Amino acid sequence: MSDSTAQSIKQLKIKTGVVKRLHKEESSYVKEVEDQKKVVSKLKEDGADGADIRAAERVLKDSEMMVPRTRKQLEEAVQSLDDLINALQAEESISSTAELKDASDQLKHIESAWQSNDN
């Protein structure tokens, strides 16, 4: 395996890992927002102290701000990985590697997740 092929595979692994991590991070922020909304509702229903409600609402607001920020980072990482995949598919030494297949599968997984969330 040539140095350039090894470097390309290394970049592919790194970018795939970044996409996986950001997708997981985005999912956890979305879940955190859902959970925090339930906490705020419960506090309001139970007539909790105003300070407790405001604190829970602050946590909710912070979580809500992280979702679009993480989505933007994920979209950039997906685009970068997609560009790399398109560039590497022409190289015979890389086109049939497990790393390229894993990267392509990861992109398909995220695109299907985005489509199911948009519906």
Side-chain angles (χ1 to χ4, degrees):
M1 185 181 303
S2 72
D3 272 354
S4 66
T5 301
Q7 283 293 346
S8 295
I9 289 176
K10 182 177 179 183
Q11 282 301 309
L12 199 55
K13 285 181 180 180
I14 290 169
K15 290 179 187 278
T16 302
V18 168
V19 167
K20 285 179 182 178
R21 178 184 53 81
L22 287 170
H23 184 251
K24 185 175 179 180
E25 196 173 310
E26 181 192 35
S27 297
S28 84
Y29 280 124
V30 168
K31 182 173 178 359
E32 187 176 323
V33 165
E34 292 170 4
D35 293 347
Q36 257 332 103
K37 283 180 180 177
K38 291 175 187 172
V39 168
V40 169
S41 293
K42 179 138 176 59
L43 287 173
K44 287 180 179 178
E45 286 173 12
D46 294 347
D49 185 47
D52 292 338
I53 293 172
R54 283 189 302 276
E57 286 174 337
R58 253 191 322 274
V59 171
L60 173 61
K61 185 178 177 193
D62 289 345
S63 296
E64 286 175 333
M65 288 182 350
M66 291 305 295
V67 172
R69 184 173 143 199
T70 306
R71 171 58 78 103
K72 183 177 185 307
Q73 290 174 329
L74 177 57
E75 287 171 350
E76 290 170 0
V78 163
Q79 184 60 53
S80 178
L81 180 58
D82 190 42
D83 292 345
L84 183 60
I85 288 171
N86 289 333
L88 295 177
Q89 283 178 332
E91 293 187 31
E92 283 185 34
S93 60
I94 298 175
S95 63
S96 61
T97 62
E99 290 84 2
L100 188 67
K101 183 181 180 333
D102 185 38
S104 296
D105 289 348
Q106 187 62 36
L107 286 182
K108 288 176 189 168
H109 172 73
I110 289 175
E111 288 171 4
S112 70
W114 283 349
Q115 287 175 352
S116 68
N117 287 341
D118 290 342
N119 292 334

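Treat the numbers as computed from the prediction; the structure is a model and nothing was measured.
- Residues D102 and Q106 bring no donor and acceptor atom of their side chains to less than 3.5 Å of each other.
- Under 4.0 Å is where a charged nitrogen must lie from a carboxylate oxygen, and between K44 and E57 at least one such pair does.
- Ion pairing of R58 with D62 is absent here, as no side-chain N (NZ or NE/NH1/NH2) approaches a carboxylate O to less than 4.0 Å.
- The closest side-chain heavy-atom distance from D49 to D52 is below 4.5 Å.
- Looking at heavy atoms from C-beta onward, E25 lies out of side-chain contact with K20 at the 4.5 angstrom threshold.
- For the residue pair S63 / Q36, no side-chain donor-acceptor distance below 3.5 Å is found, with atom types taken as modelled.
- Put simply, the side chain of N86 reaches to within 4.5 Å of the side chain of Q89, judged on heavy atoms.
- Two residues are said to be in side-chain contact when any heavy atoms from C-beta on lie closer than 4.5 Å; M65 and Y29 fail this criterion.
- Contact of the V39 side chain with the V59 side chain is not registered, since no non-hydrogen atoms from C-beta on lie closer than 4.5 Å.
- Taking the side-chain hydrogen bond (donor to acceptor under 3.5 Å, both in side chains) definition, one finds that D105 meets it with K101, sequence neighbours left out.
- Nearest heavy-atom pair, K37 versus L60, reported as atom, atom and distance to 0.1 Å: CG-CD1, 3.8 Å.
- Among pairs with a residue in residues 7-19, those fulfilling side-chain hydrogen bond (donor to acceptor under 3.5 Å, both in side chains) read K15-S80, at least two apart in sequence or across chains.
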